[in-house]
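This chain uses plain numbering: 1 for the first residue, then up along the sequence. Remember, predicted model here, so these are calculated numbers, not experimental data.
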Amino acid sequence: MNKQIVSIYKSPNKDEMYLYAAKQAKLSEVPEALLQLFGKPEHVMDLLLTPEKSLARVEASQVMKDIDEKGFYLQMPPAKDDYLIEFPEEFLSKGDPV
């Protein structure tokens, strides 16, 4: 397949996690267990994909292949460096000398 219209959804549960699905199928082929973990999908945009299309973190051809084979593509958040630590907001605001 040399072009495909896809819908992109973001997860309300996890920053930078996205689901790509064929526009006409919407999310009908995404397993229910994955949707429960993903949370209620929030539509971001529709996009015409071609194998040459430039995407930020993945090859468009891989997205198209996964949609053809599985019915969806799941983009996971980027891995964080080991030296980065996330503190809860409450720790960052208490006793801050600034």
Side-chain angles (χ1 to χ4, degrees):
M1 178 173 275
N2 44 353
K3 60 183 167 178
Q4 189 174 44
I5 299 176
V6 299
S7 293
I8 304 170
Y9 302 87
K10 70 177 184 173
S11 170
N13 296 343
K14 188 79 171 163
D15 283 341
E16 299 187 59
M17 181 184 282
Y18 294 91
L19 260 176
Y20 294 69
K23 181 174 172 53
Q24 71 275 11
K26 299 197 178 191
L27 297 170
S28 64
E29 297 186 40
V30 179
E32 186 59 36
L34 175 56
L35 286 175
Q36 288 179 356
L37 292 172
F38 190 81
K40 184 177 181 195
E42 297 174 14
H43 185 260
V44 176
M45 73 169 98
D46 295 324
L47 183 68
L48 176 63
L49 278 186
T50 63
E52 302 81 27
K53 180 85 174 164
S54 177
L55 297 174
R57 284 194 233 139
V58 67
E59 297 290 326
S61 58
Q62 182 63 50
V63 174
M64 295 171 71
K65 180 179 179 237
D66 281 10
I67 290 174
D68 284 341
E69 292 176 1
K70 299 188 292 188
F72 67 94
Y73 174 80
L74 178 64
Q75 178 179 307
M76 298 297 289
K80 293 188 179 181
D81 292 329
D82 290 339
Y83 64 88
L84 295 177
I85 300 173
E86 275 191 37
F87 291 105
E89 188 63 37
E90 62 201 40
F91 292 148
L92 298 176
S93 61
K94 290 185 178 177
D96 189 358
V98 178

Roughly how far, to the nearest 0.5 Å, is the NZ atom of Lys65 from the CD atom of Glu59?
13.0 Å
For Lys23, check salt bridge (charged side-chain N to carboxylate O under 4.0 Å, His left out) against everything at least two apart and list the hits.
Asp46
Least distance between heavy atoms, Gln24 atom then Ile5 atom
OE1-O, 4.4 Å
Connecting only ILVMFWY residues whose side-chain heavy atoms lie within less than 4.5 Å of each other, what is the rest of Met76's hydrophobic cluster?
Tyr9, Met17, Leu19, Leu27, Val30, Leu34, Leu35, Phe38, Phe72, Leu74
Applying ring-ring contact (aromatic ring centres under 6.0 Å, His included), can you list everything that pairs with Tyr18, at least two apart in sequence or on another chain?
none
Please list, chain by chain and in numerical order, all residues satisfying side chain to side chain donor-acceptor pair (under 3.5 Å) with Thr50, sequence neighbours excluded.
Glu52
Residue pair Pro51 / Met64: nearest heavy atoms and the distance that separates them:
N-SD, 3.7 Å
Can you name the residues that form a salt bridge (charged side-chain N to carboxylate O under 4.0 Å, His left out) with Glu29, not counting sequence neighbours?
none
Asp66 meets the side chain to side chain contact (heavy atoms under 4.5 Å, CB included) criterion, sequence neighbours left out, with Gln62, Lys70, Tyr73
If I take atom CG from residue Asn2 and atom CD from residue Gln4, how far apart are they, to the nearest 0.5 angstrom?
10.5 Å
Looking at residues at least two apart in the chain, or sitting in another chain, which of them share a salt bridge (charged side-chain N to carboxylate O under 4.0 Å, His left out) with Lys53?
none
How many angstroms lie between NZ in Lys10 and CE in Met45, if you round to the nearest 0.5 Å?
11.0 Å
Any idea which heavy atoms bring Leu49 and Ala60 closest together, and the distance?
CD2-CB, 4.1 Å
By salt bridge (charged side-chain N to carboxylate O under 4.0 Å, His left out) - contacts of Asp15 (at least two apart)
none
